[in-house]
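Just so you know, these numbers come straight off a predicted model, no measurement behind them.
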Amino acid sequence: MNNIVLVSQVFYPNACATSSLLTELMLNLQDENNKITVKCGFPNTVKDDLVDRSENYNGIDIYRCGIRLDSKAGLWQRIVSYLFYLIHAGWQLLFVQQKDIVIGVTNPPFLSILLMIVSTITGCGYYFIIHDVYPEGLVAVGRLKEKSLITKTWHALNRSSYRRASKLVVLGRDMRDLLIQDYGVELGKIEYIPNWNITSTNLLSPFEKNDLALKLGIQSKFVVQYSGNMGLWHDIDTFIRAAAQLQTNPAIQFLFIGNGIRKQNAYQLAQELELTNIIWMDFVPKEQLSTSLSCAHVALISLNSGLEGIAVPSKLYGILGSGRAILAQVPAACEIAYTVTEEECGFVIPPGDVDGLVNRIRELELDRDLTSRMGARSFQAYQSKYTIETIAKQFQKMLEIEPRSGRAHFGSAQCPQDHDPIG
C-alpha cells in the first residue's frame with residue numbers, strides 16, 4: 001500500500017481551479033493500492049459550520065491545517081493565513097514516514113521551503129508541482145523588486161528546496177527552461193506534465209444548440225469569449241479596446257465570464273467607451289462549465305509579457321476540451337503559444353497588440369470554416385493529450401505506482417478556469 005500525502009492549502013471544497021485540478025488528480029490516483037491523505041487549509045468561500053477540521057471525501061482523508069480565515073479579504077489576511085497554515089502543516093508533516101510519497105504545490109508560494117526543512121529533519125523525500133514560479137511572478141507584475149533582499153533570499157531558498165526535491169513537476173516547457181537557467185536544476189529532475197480539462201466530455205458541442213447562448217439571446221452572433229480569472233497575470237484591457245474597434249460590426253458579440261482583480265478596471269473602461277457589445281457574467285458552477293465554455297466560437301487567453309516560464313493559464317485546457325478556436329494574446333516563447341501553434345488550433349498575438357487581435361477576430365468571423373477546423377483540432381488535442389486519465393498515467397509513472405482501474409469524478413463546485421493565487 002502506497003501512502004500519498006498531498007500538501008496544498010487549497011483542496012476540496014475550495015472553489016479555485018487549482019483545488020479542482022488537484023482534487024480530480026487525487027481521486028484518480030486513489031484506489032486499493034494507494035491511500036491518499038491531504039494536508040490542506042480551510043476554504044475561504046464556504047461557511048465555517050459547513051467544513052470540519054477533518055473529513056473523508058470519496059476515500060481521501062482530508063485534514064485542514066491553519067485557521068478559518070478569509071484570505072481573499074486583504075494582504076494581511078492572506079499573510080496570516082499562509083503563516084498559520086505553514087506552521088500547522090509543518091508540524092503535521094513531522095509525522096510522515098520515510099516511505100510515504102509526499103507531494104507539494106506552490107500554494108502557498110513558500111511551501112517548497114517548508115518541505116525542504118521537513119525533509120532535512122525526517123529524511124522523507126518529496127515531489128513538488130510548480131503551478132507558478134515565485135518570486136519571479138511578483139517581480140514581473142511589480143509587486144517585488146528584483147534586487148531586493150526579500151527576492152534574493154526567497155530565490156536562494158527556492159534553489160535549495162528545488163535541488164533537494166525528488167522531482168519537480170512543471171506545467172510548461174518554458175517553466176522547465178527557467179528552472180534550468182535560473183535555478184541550475186538538472187534536466188533529469190524535471191517532469192513536464194501539463195494541466196488537464198476538469199470537465200470530461202466525449203462529444204464536440206455545437207454552438208447553435210448551446211443553452212447559454214439561447215438564454216442570452218446571442219445564438220445568431222459570432223461570440224468571442226474570455227472565461228476565467230481576471231488577475232494580475234492578464235491584460236483584460238486590451239480585449240476591451242478590441243471590442244471597441246469591433247462595435248460597428250453587429251455580428252460580433254463579446255462574452256466575459258469570471259472575476260478577479262482586473263475585472264473592475266476593465267468594466268469601467270468598457271463603460272467609459274460606451275460599449276454595448278460585451279456581456280459580463282460571474283463564475284459559473286462546475287456543472288455548468290462545459291455549457292459556458294461552449295458558448296463561443298472563439299476563446300481568448302491572456303498572459304502578460306515577461307511571464308513566460310512563470311505561469312501557465314489553466315483555462316487553455318478547458319478551451320481545448322470545449323473544442324473552440326483560440327486567440328492567445330501571450331508571449332511567443334510560452335507553453336500556451338507552443339500548444340496553440342503545434343496543434344494549429346488558433347492564432348498567437350503579441351500581448352498588447354489591439355490591432356493584431358482585431359484583425360484575427362475579423363478573419364475568423366469571416367471564415368467560419370477555418371474557425372470550425374481550428375475548434376475541431378482543439379478537441380482532438382484534448383482527447384489525445386489532456387484528459388485526466390492521460391495525465392494521471394503520467395503521474396503514476398513518475399511516482400512509480402500501479403495504474404488504477406476505473407474513473408473517479410470530482411463533485412460540484414464553482415470553478416474558475418485559471419489558477420492565479422495573487423489575482
Side-chain angles (χ1 to χ4, degrees), residues 1-14 17-43 51-65 89 92-105 107 111 115 118-119 122-129 131 165-169 171 191-202 286-287 317 321 382-413 415:
M1 170 70 73
N2 299 306
N3 185 31
I4 300 173
V5 181
L6 174 69
V7 190
S8 169
Q9 192 170 15
V10 295
F11 199 74
Y12 170 85
N14 196 293
T18 301
S19 169
S20 301
L21 289 163
L22 291 173
T23 303
E24 184 79 0
L25 176 62
M26 291 301 111
L27 287 171
N28 275 269
L29 295 180
Q30 185 269 138
D31 62 10
E32 64 275 6
N33 297 316
N34 302 302
K35 174 179 171 55
I36 308 292
T37 303
V38 178
K39 307 294 185 181
C40 62
F42 287 94
V51 181
D52 294 328
R53 173 72 68 177
S54 62
E55 69 172 297
N56 184 281
Y57 174 68
N58 286 358
I60 297 175
D61 288 331
I62 300 175
Y63 187 84
R64 297 187 174 92
C65 303
Q92 289 284 315
L93 290 171
L94 292 177
F95 299 97
V96 301
Q97 304 297 313
Q98 287 193 10
K99 65 179 181 179
D100 291 345
I101 300 172
V102 178
I103 304 173
V105 302
N107 199 316
L111 192 51
L115 293 180
V118 171
S119 176
T122 66
C124 182
Y126 59 92
Y127 297 81
F128 196 68
I129 304 173
H131 288 121
S166 300
K167 287 281 187 179
L168 297 172
V169 178
L171 307 182
E191 291 282 339
Y192 161 57
I193 304 179
N195 268 330
W196 55 94
N197 178 25
I198 60 172
T199 57
S200 298
T201 177
N202 295 316
K286 178 180 179 290
E287 58 270 18
Y317 307 99
Y382 153 70
Q383 288 186 309
S384 63
K385 300 178 182 179
Y386 304 109
T387 64
I388 181 59
E389 293 88 353
T390 298
I391 301 302
K393 288 178 182 178
Q394 295 182 48
F395 274 96
Q396 289 159 353
K397 181 179 179 180
M398 181 189 69
L399 299 173
E400 299 180 344
I401 60 178
E402 292 295 323
R404 64 166 290 152
S405 59
R407 167 89 163 88
H409 295 277
F410 175 44
S412 64
C415 183

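- In this view, Y382 and F379 satisfy the ring-ring contact (aromatic ring centres under 6.0 Å, His included) rule, not counting sequence neighbours.
- Under the 4.5 Å side-chain criterion, counting only non-hydrogen atoms from C-beta, N2 is not in contact with L399.
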Donor-acceptor pairs are to be reported for all side-chain atoms of residues 92-104 against protein atoms at under 3.5 Å, with residues two or more places apart or in another chain.
from: Q92; atom 1: OE1; to: K39; atom 2: NZ; distance (Å): 2.9
from: Q98; atom 1: NE2; to: T122; atom 2: O; distance (Å): 3.2
from: D100; atom 1: OD1; to: N3; atom 2: ND2; distance (Å): 3.4
from: D100; atom 1: OD2; to: N3; atom 2: ND2; distance (Å): 3.4
from: D100; atom 1: OD2; to: Q97; atom 2: N; distance (Å): 2.9

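- In this structure, the side chains of P194 and Y192 come closer than 4.5 Å at one or more pairs of heavy atoms.
- Atom CZ in F11 sits 4.0 Å away from atom OG1 in T23 (nearest 0.5 Å).
- The aromatic rings of Y12 and Y57 sit parallel, their planes meeting at an angle under 30°, below the 60° perpendicular limit.
- Checked against ring-ring contact (aromatic ring centres under 6.0 Å, His included), Y63 has the following partners two or more places apart in sequence or in another chain: H88.
- When the side-chain hydrogen bond (donor to acceptor under 3.5 Å, both in side chains) test is applied to T37, no partner is found at least two apart in sequence or on another chain.
- The shortest heavy-atom contact between W196 and F395 is CZ3-CE1, 4.4 Å.
- Using a 4.5 Å heavy-atom cutoff, the side chains of Q396 and K393 are in contact.
- Nearest heavy-atom pair, K35 versus M1, reported as atom, atom and distance to 0.1 Å: N-SD, 3.5 Å.
- In this structure S166 satisfies the side-chain contact (heavy atoms from CB on, under 4.5 Å) test together with Y127, sequence neighbours excluded.
- For the salt bridge (charged side-chain N to carboxylate O under 4.0 Å, His left out) test, residues two or more places apart in sequence or in another chain that qualify with K385 are E343.
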